[in-house]
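In what follows, a structure is listed as structure tokens, so that the remarks can point back to it.
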Amino acid sequence: MADKQKIINIAVIAHVDAGKSTLVDALLAQSHVFRDNEQIVDCVMDSDAIERERGITIYSKNCSIMYKDYKINIVDTPGHADFSSEVERIMKTVDTVILLVDSSEGPMPQTRFVLSKSLAQGINPILFINKIDKKDARIDEVVDEVYELFMDLEANDDQLDFPILYGIARQGIAVNDPSEVEGIQIGEGAAKIRKSPKGYGGLSIEPLLECITKHCDPYPDTDDEPLQLQVSTLAYDDYIGRLGIGRITRGTIKEAQMVSVTRGDGSVTKNKINQIFVYRGLSRTVTAQAGSGDIEVVSGIPDISIGDTICDPDHPESLGTISIEEPTLSMNFMVNTSPFAGKVGKYVTSRHIKDRLEKELEVNVGLLVEPTDTTDSFKVSGRGELHLSILIENMRREGYELAVSKPEVVIKRGPDGEKLEPVEEVVVSVPDEYTGPVISKLNMRKALMTAMMSEGNGYSRIIFTAPTRGLMGYRSEFINDTRGEGTMVRRFSGFEPWKGEIQGRINGVAVAQEEGNCTAYAIFTIQERVQMFVKPQDHVYEGQLVGMNARSDDMVVNPCRAKKATNMRAAGSDETIKLTPPRTFTLEEALEFIDDDELVEVTPTDIRLRKKLLTELERRKYNNRMNR
């Protein structure tokens, strides 16, 4: 019998924008996964269209490389807090994690979360200090901060004895000591260096690969034991159906093999495996059988779910369930009832929306879908605004039309029946001259400042704990208050007692009075007291929001009014109309902007804001009933 292949599984974890996908690029490029003449794109693992557009990782993905006689399976994970469930569920499949920390920023809120999950699994991490060529790098201080973070998270002695590497992921460089890069042109000359994950100046990523093989023993040979494999990720193929992805804890799995599947509810079913795939570089390759320690993909079990354990038919032993933290934010997904409904979208009925949400539940474990009092509306809960908006964005690109309500926080009850709401840790980095407005605005939103320190270079870092409810709609204000120079990162920290009333949007809106095409003449007369959302020739309907009022009350306007035609003309007056450019909304901005009595209408081509009740008479009747 051939010697057992040496297998090590690793995950790359970090805060958003620390360089995870870039490091994976370097590992792939220097392991000869690509042909010499192959065109390589940046962040090759971010294969989803939205991931490429936004420059973030949303879904955890697998690949593999060969180093000496080792097969190293790599899992690239998301860094954004809204996609934490993607990180939580893959921790059981890896032997070690590479913790990336920016040499200037240091540990951020999400760094604490992903590290705590890996330490809880008993994993001994490897620390990689990235971007050491930054002008404001503070390598020694950042290492000290990481040690403090490990101690705060109660790491054991083995976990505290972590190896440290330094590097520049975009150049494919890893070193054991920062002084090793002093001989090559970095720092001041870094801007002149073309990004090249294949290494630079005689340095490469090899020290990191050496560290992985020395720090982590290959998975033990348990091929002769009964099969046990826990599904940690799901995928879908149009030809072969649902796929289960996980690591074989023990035993071997073969194609066309009969297996037992143990579920989270304790039930056991018999199924037949169809095909087995293993990772070779970036691709899935069909194999006749796979052994213990490897991450593979199995097909043939149509109802496989995350946390299910695939076992030997005679030894159905479950590996337990994979616990995922609960959602913190919810919104209603409704059938689009606007006058423009069905003009663009391909899927517009409640049955279409229901089927799509059920399909999403198969792979999106951080999501919760519940029925409501009406058949044309569904309550969808997730980990944050971005988590839910990515789902909506995918749906509209697939041809769905729907209306969504204002996000609301998920309320829980404490042991004594008290009302609890989600609270987040917020870290802002702002120029010193803008700290006053930021602190003032967050205090108004019931945020509590817990720390404030100088970062040097005229910047301050301030840490708050704030209710999720108070942070809704604040990002655009924050950008305006800091002139675009501030950064803000958030991380869910837990449920705390209700913080009381928080002031919402202080501006009213301008609501269209009738359906028609907007005219420059009408917009010119309205824009004196309204920030417009529409431009001339935009088609609007009664009840659509066309602008933001300067005052706190809502105002009904007619942006379609045309100038009366007469035979009198004042010289040049018709040519001198100057219109202010309208404010346009991304999906996230629209969700943050709307109030309780408003909806966001989402179609494949447009994002519109509207009132729930479209006519002025309906809104007046409703307000009169509420004020009785």
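This is a predicted model, so every value here is computed, not measured.
The main-chain N or O of Ile126 is never found under 3.5 Å from a side-chain atom of Asn124 such that the two would form a donor-acceptor pair. Between the side chain of Lys214 and the backbone N or O of Leu209, no donor-acceptor pair lies under 3.5 Å. Counting only distance, with no hydrogens or angles, the side chain of Ser292 and the backbone of Thr222 share a donor-acceptor pair below 3.5 Å. With Gln230 contributing its side chain and Gly307 its backbone, the two residues share a donor-acceptor pair below 3.5 Å. In this structure a side-chain-to-backbone donor-acceptor pair under 3.5 Å is present from Gln159 to Ile123. A donor-acceptor contact shorter than 3.5 Å links the side chain of Asn9 to the backbone of Gly293. With hydrogens and angles disregarded, no donor-acceptor distance shorter than 3.5 Å links the side chain of His315 to the backbone of Glu225. Of the possible donor and acceptor atoms, one in the side chain of Asn130 sits under 3.5 Å from a partner among the backbone N and O of Ala169. Remark: side-chain polar atoms of Ser299 are paired, donor with acceptor, to backbone N or O of Gln275 under 3.5 angstrom.
Exactly one of Thr93, Asp294, Asp95 qualifies for a side chain to side chain donor-acceptor pair (under 3.5 Å) with Arg247. That residue is Asp95. Results of the side chain to side chain contact (heavy atoms under 4.5 Å, CB included) test with Ser64 over Asn73, Ile295, Thr285 single out Asn73 as the only residue that passes.
Expressed to the nearest 0.5 Å, how far OG of Ser330 lies from CG of Leu367 amounts to 11.0 Å. The distance from the CG atom of Leu165 to the CD1 atom of Ile129 is 9.5 Å, given to the nearest 0.5 Å.
Using a 4.0 Å cut-off between charged nitrogen and carboxylate oxygen, Arg250 and Asp312 do not count as a salt-bridge pair. The pair Arg351-Asp355 meets the salt-bridge criterion, since a charged nitrogen lies less than 4.0 angstrom from a carboxylate oxygen. Under the 4.0 Å criterion applied to side-chain N and carboxylate O atoms, Lys412 and Glu496 are not assigned as salt-bridge partners. Under a 4.0 Å N-O distance rule, the pair Asp25/Arg170 does not qualify as a salt bridge. Between Lys68 and Glu206 no salt bridge is recorded (no basic side-chain N to carboxylate O distance below 4.0 Å).
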Mind running side-chain hydrogen bond (donor to acceptor under 3.5 Å, both in side chains) on Glu588 and Ser389 for me, showing each step along the way?
CA-CA 6 Å; Glu588 283 89 358; Ser389 68; 2.8 Å; yes
Is there a side-chain hydrogen bond (donor to acceptor under 3.5 Å, both in side chains) between Gln289 and Thr252 once you walk through the steps?
CA-CA 7 Å; Gln289 74 174 49; Thr252 58; 5.0 Å; no
Decide yes or no on side-chain hydrogen bond (donor to acceptor under 3.5 Å, both in side chains) for Tyr279 and Glu296, but give the supporting numbers first.
CA-CA 7 Å; Tyr279 288 95; Glu296 81 318 282; over 6 Å; no
I'd like to know whether Phe162 forms a ring pair (Phe, Tyr, Trp, His ring centres under 6.0 Å) with Tyr147, so could you lay out the CA-CA distance, the side-chain angles of the two residues, the decisive distance to 0.1 Å, and finally the verdict.
CA-CA 9 Å; Phe162 52 84; Tyr147 270 114; 4.7 Å; yes
So Tyr400 and Tyr347, ring pair (Phe, Tyr, Trp, His ring centres under 6.0 Å) or not? Walk me through it.
CA-CA 5 Å; Tyr400 287 83; Tyr347 308 108; 4.7 Å; yes
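Scored by the side chain to side chain donor-acceptor pair (under 3.5 Å) test, Asp308 finds Arg263 as partners (sequence neighbours excluded). In this structure Lys354 satisfies the salt bridge (charged side-chain N to carboxylate O under 4.0 Å, His left out) test together with Glu358, sequence neighbours excluded. Residues satisfying the salt bridge (charged side-chain N to carboxylate O under 4.0 Å, His left out) criterion with Arg356, sequence neighbours excluded, are Glu360, Glu398. For Asp158, the salt bridge (charged side-chain N to carboxylate O under 4.0 Å, His left out) test picks out no residue, with sequence neighbours left out. Applying the side chain to side chain contact (heavy atoms under 4.5 Å, CB included) criterion to Arg396, with sequence neighbours excluded, gives Glu393, Val602, Ile607. Residues satisfying the salt bridge (charged side-chain N to carboxylate O under 4.0 Å, His left out) test with Lys254, not counting sequence neighbours, are none.
Annotation: side chain of Thr468 is not in contact with side chain of Val423 (no heavy-atom distance under 4.5 Å). Between Ile273 and Met258 the shortest side-chain heavy-atom distance does not fall below 4.5 Å. At a threshold of 4.5 Å between non-hydrogen side-chain atoms, the residues Ile10 and Val97 do not count as touching.
The minimum heavy-atom distance linking Leu99 with Phe150 is given by the pair CD2-CE1, 4.1 Å. Across every non-hydrogen atom of Ser260 and Pro316, the tightest pair is CB-CB, 4.1 Å. Counting all heavy atoms, side chain and backbone alike, Pro407 lies closest to Met331 at CG-CE, 3.6 Å. Nearest heavy-atom pair, Leu115 versus Pro125, reported as atom, atom and distance to 0.1 Å: CD1-CG, 4.0 Å.
Residue Glu154 places its CD atom among 12 or fewer non-hydrogen atoms of other residues, nucleotides or ligands, all under 6.0 Å distant.
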